[in-house]
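Reading through the structure tokens given below for one structure.
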Amino acid sequence: MEVSPATQRRIRASLSDLDNEEAIENLSVRQLKEILARNFVNYSGCCEKWELLERVHRLYRENEHNRKSMENVSITPNTCA
């Protein structure tokens, strides 16, 4: 099934759907706000798109950092006995 670009842009409003951080730049204002809202990030003071982009970039980096930290924890052998 083929999805139109307009529909795809509307669907893609989740942080986990992003392939990489650069993909954030292609999101609409509505999508940026939806991602922030889904992750409980307050954007009420943001008047410009660049402010929303900045917050989503920060959220993306924090999410990646947390994911990598969890991978390291699960890889590290448990030495407590």
Side-chain angles (χ1 to χ4, degrees):
M1 183 170 89
E2 201 165 308
V3 179
S4 72
T7 304
Q8 186 177 10
R9 281 194 297 273
R10 265 187 271 128
I11 294 171
R12 189 171 161 173
S14 175
L15 202 59
S16 61
D17 292 336
L18 299 173
D19 297 327
N20 52 47
E21 191 173 355
E22 291 77 35
I24 295 169
E25 298 296 326
N26 299 324
L27 298 174
S28 69
V29 169
R30 177 180 285 186
Q31 290 169 312
L32 294 167
K33 287 181 176 181
E34 186 173 347
I35 288 172
L36 292 170
R38 285 183 177 196
N39 289 277
F40 307 101
V41 177
N42 184 5
Y43 59 86
S44 62
C46 297
C47 299
E48 302 289 333
K49 184 176 180 178
W50 67 265
E51 294 172 301
L52 296 169
L53 285 166
E54 191 175 84
R55 290 188 188 205
V56 174
H57 275 287
R58 186 178 322 127
L59 180 64
Y60 183 88
R61 286 190 300 267
E62 288 175 359
N63 191 50
E64 285 297 298
H65 175 74
N66 289 341
R67 185 184 59 77
K68 289 176 183 173
S69 293
M70 290 303 293
E71 285 176 3
N72 289 339
V73 167
S74 63
I75 292 171
T76 307
N78 189 356
T79 56
C80 298

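This structure is a prediction, so every number in the text was calculated from the model and none was measured.
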>> Under 4.0 Å between a side-chain nitrogen and a carboxylate oxygen: does that hold for Glu51 and Arg55?
In response: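 Looking at Glu51 and Arg55, the cut-off is not met.
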
> In terms of side-chain geometry, is the basic nitrogen of Glu34 or Arg38 positioned less than 4.0 Å from the acidic oxygen of its partner?
Replying inline: yes

> Under 3.5 Å, is there a donor-acceptor pair between the side chain of Asn63 and the main chain of Asn66?
Replying inline: no

Straight-line distance of [X] [atom1] to [Y] [atom2], nearest 0.5 Å:
X: Asn39; Y: Leu15; atom1: CG; atom2: CG; value: 5.5 Å
X: Leu36; Y: Cys46; atom1: CG; atom2: SG; value: 7.0 Å
X: Glu25; Y: Leu53; atom1: CD; atom2: CG; value: 5.0 Å
X: Ile24; Y: Leu32; atom1: CD1; atom2: CG; value: 8.0 Å

>> Val41 vs Ile35, test: side-chain contact (heavy atoms from CB on, under 4.5 Å). Steps then yes/no.
In response: CA-CA 9 Å; Val41 177; Ile35 288 172; over 6 Å; no

>> Going by side chain to side chain donor-acceptor pair (under 3.5 Å), name the residues that satisfy it together with Glu21, two or more places apart in sequence or in a different chain.
In response: His57, Arg61

>> I need the minimum non-hydrogen distance between Leu27 and Lys49, along with the two atoms involved.
In response: O-NZ, 3.1 Å

>> Restricting to non-hydrogen atoms, name the atom on Tyr60 and the atom on Asp19 that form the minimum distance, rounded to 0.1 Å.
In response: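 Smallest interatomic distance, heavy atoms only, reads OH-O, 4.0 Å.
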
